[in-house]
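We count ligands from 1, going down the list as the structure has it; atoms in each ligand are counted the same way. Being a predicted model, the structure only gives us computed values, none of them experimental.
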Amino acid sequence: MKIKEVEIRTIELPLVRPFRTSFGTQLDRELLVMKITTHEGAQGWAECVAMSEPLYSPEYTAGCQDVMERFLLPAIFEFGDIRPEEVAGVLKPFLSHQMSKATIETAILDAQLKLDGISFGSYLGANKTEVDCGVSVGIAKSIDALVEEVSQYISEGYRRIKLKIEPGWDLEPVSVIRGLWPDIPLQVDANQAYSRNDIDLLKQLDPFNLLLIEQPLDEHDVLGHALLSAAVETPICLDESITSFEAARDALALKATTVINIKPGRVGGYLESVRIHDLCVEHDIAVWCGGMLETGIGRAANVALAALPGFTLPGDTSASSRYYKRDITNPFVMEDGRLRVPTGPGIGVDIDHDFLDEITSARKIITAS
Ligand code: OSB
Ligand code: MG
């Protein structure tokens, strides 16, 4: 395939409710949406999951746009006729920037699969037609507010609850939610808010029968996670630390993680995600698909990935209504706690072009120089 033109939009979508984590409070989602057009007449779409500030990961929207325009896209244009499987190799000389690279690879993959008439799920190796949904619940204003929010999600049918925690908002919310719903699959996510000095505190989560504790320590503290993992009963699951296949392999070898959260953006794309999935299946390690408050574009691809056989835990693949009043694609609607895997070619969703235009704050076209 030969890329003719790349369009990068910045969009802003208000969240249905503020989302507070240990690294900040988000009221809306700013992100980049990419559309590539090929000389064969195909279009491919992808969203870049980086956030507007480098608080979850080192990447951020304006930085992603810059690295894509300045380095990544020129390398793709220069390479010429390209297959999706060649993208990672072409971009490899440029260090890190996984989310930016994932965006380009995903858009090219979408265009290729649309030309070939193959869905994302079939291409990646999905063996399910629908996936179990979990929901990520932000740090609330009060315990009462948390209980109300969790009740709503449970009545909507979510199959797993994930509570965001931080020092001062951990044992109490967990014990209250566990007390009210003794059987609901429950897990917590600290987004790096603890340190090795908190091992005794985190051990106090053991009685609550949590599925896992997600990324309690600094993203670079892999040894700390191994020490913690040996000291507590609850499985430890890395998120931020897993930036590649190699990082996953090493963290597993060090027993720093016993469950893995795969986020395609964080690891550089869906092809790398499948490699990590295969590694985990080989090692009998449970995986689940993380989320980055995606729009329908990113969600479609995530749901396809989550339909692979090794994804045995519900993911942060929630319905569109969990995030946005109106999505930029046909909405993902949950039925019986599950989302259906799109079956159309490529990511298999339709873009709402009018709405997309409405929420676009910047738009740039990049062509071969
Ligand atoms: O740590 O998993 C995380 C959202 C943004 C950035 C990081 C994380 C999250 C979530 C929400 O937990 C996942 C989702 O529902 O998209
Ligand atoms: Mg996380």
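- Residue contacts with ligand 1 for Arg322 are absent, since no atom lies close enough (heavy atoms, distance under 4.0 Å).
- For atom 7 (C) of ligand 1, the closest non-hydrogen atom of the protein is Lys263 NZ, 3.4 Å.
- Aromatic ring pairs are classed by plane angle as parallel below 30°, tilted from 30° to 60° and perpendicular above 60°; the pair Tyr270 and Phe120 is perpendicular.
- Using a 4.0 Å cut-off between heavy atoms, Glu214 contacts ligand 1 through its side chain alone, with no backbone atom that close.
- Residue contacts with ligand 1, taken as heavy atom pairs separated by less than 4.0 Å, do not involve Val135 at all.
- No donor-acceptor pair under 3.5 Å is formed between the side chain of Glu30 and the backbone N or O of Thr61.
- For the Mg ion (ligand 2), protein N, O or S atoms under 2.8 Å: 3 in total.
- A salt bridge does not link Lys2 to Asp81: none of the charged side-chain nitrogens sits closer than 4.0 Å to a carboxylate oxygen.
- At under 3.5 Å, not a single nitrogen or oxygen of Ser318, backbone or side chain, sits near a nitrogen or oxygen of ligand 1.
- Of the listed residues (Lys128, Met334, Glu335), just one forms a side chain to side chain contact (heavy atoms under 4.5 Å, CB included) with Arg340, and that residue is Glu335.
- Contact annotation for Gln215 and ligand 1: no heavy atom of the residue comes within less than 4.0 Å of the ligand.
- At under 3.5 Å, a nitrogen or oxygen of Met292, whether backbone or side chain, sits near a nitrogen or oxygen of ligand 1.
- In this structure, Lys162 is part of the shell of residues with a heavy atom less than 4.0 angstrom from ligand 1.
- Of all protein heavy atoms, the one lying nearest to atom 4 (C) of ligand 1 is Phe19 CE2, 3.7 Å.
- Ranking protein heavy atoms by distance to atom 14 (C) of ligand 1, first place goes to Tyr323 OH, 3.4 Å.
- Ile242 approaches Val267 most closely through the heavy-atom pair O-CG1, 3.3 Å.
- On a distance-only criterion, Met51 and ligand 1 share no N/O pair closer than 3.5 Å.
- Looking only at heavy atoms of the protein, atom 13 (C) of ligand 1 is closest to Gly291 O, 3.4 Å.
- Closest approach of Ala247 and Ser244 over heavy atoms only: N-OG, 3.0 Å.
- The shortest N or O to N or O distance between Asp239 and ligand 1 is below 3.5 Å.
- Taking the six-membered ring where tryptophan is involved, the planes of Tyr153 and Tyr158 are perpendicular, since the angle between them exceeds 60° and thus also 30°.
- Using modelled atom types and a 3.5 Å distance limit, the side chains of Ser57 and Glu59 yield no donor-acceptor pair.
- Of the protein's non-hydrogen atoms, Leu293 N, 2.8 Å is the one closest to atom 16 (O) of ligand 1.
- Under the 4.5 Å side-chain contact rule for hydrophobic residues, Phe94 and Val90 share a cluster.
- With contacts defined as side-chain heavy-atom distances shorter than 4.5 Å, the pair Asp132/Arg160 does not qualify.
- The closest heavy-atom contact to atom 10 (C) of ligand 1, among the options Cys289, Ser136, Gly290, comes from Ser136.
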* Does the pair Glu7 and Arg363 meet the rule for a salt bridge (Lys or Arg N to Asp or Glu O under 4.0 Å), with working shown? -> CA-CA 7 Å; Glu7 178 195 77; Arg363 184 168 168 263; 2.7 Å; yes
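- With values rounded to the nearest 0.5 angstrom, Phe311 atom CZ is found 10.5 Å from Leu313 atom CG.
- Ion pairing between a basic and an acidic side chain is recognised when a charged N comes within 4.0 Å of a carboxylate O; Arg178 and Asp183 show no such pairing.
- Taking only nitrogen or oxygen atoms, main chain and side chain alike, Tyr56 does not reach within less than 3.5 Å of ligand 1.
- Between Gln187 and Trp288, the closest side-chain pair of non-hydrogen atoms falls below 4.5 Å.
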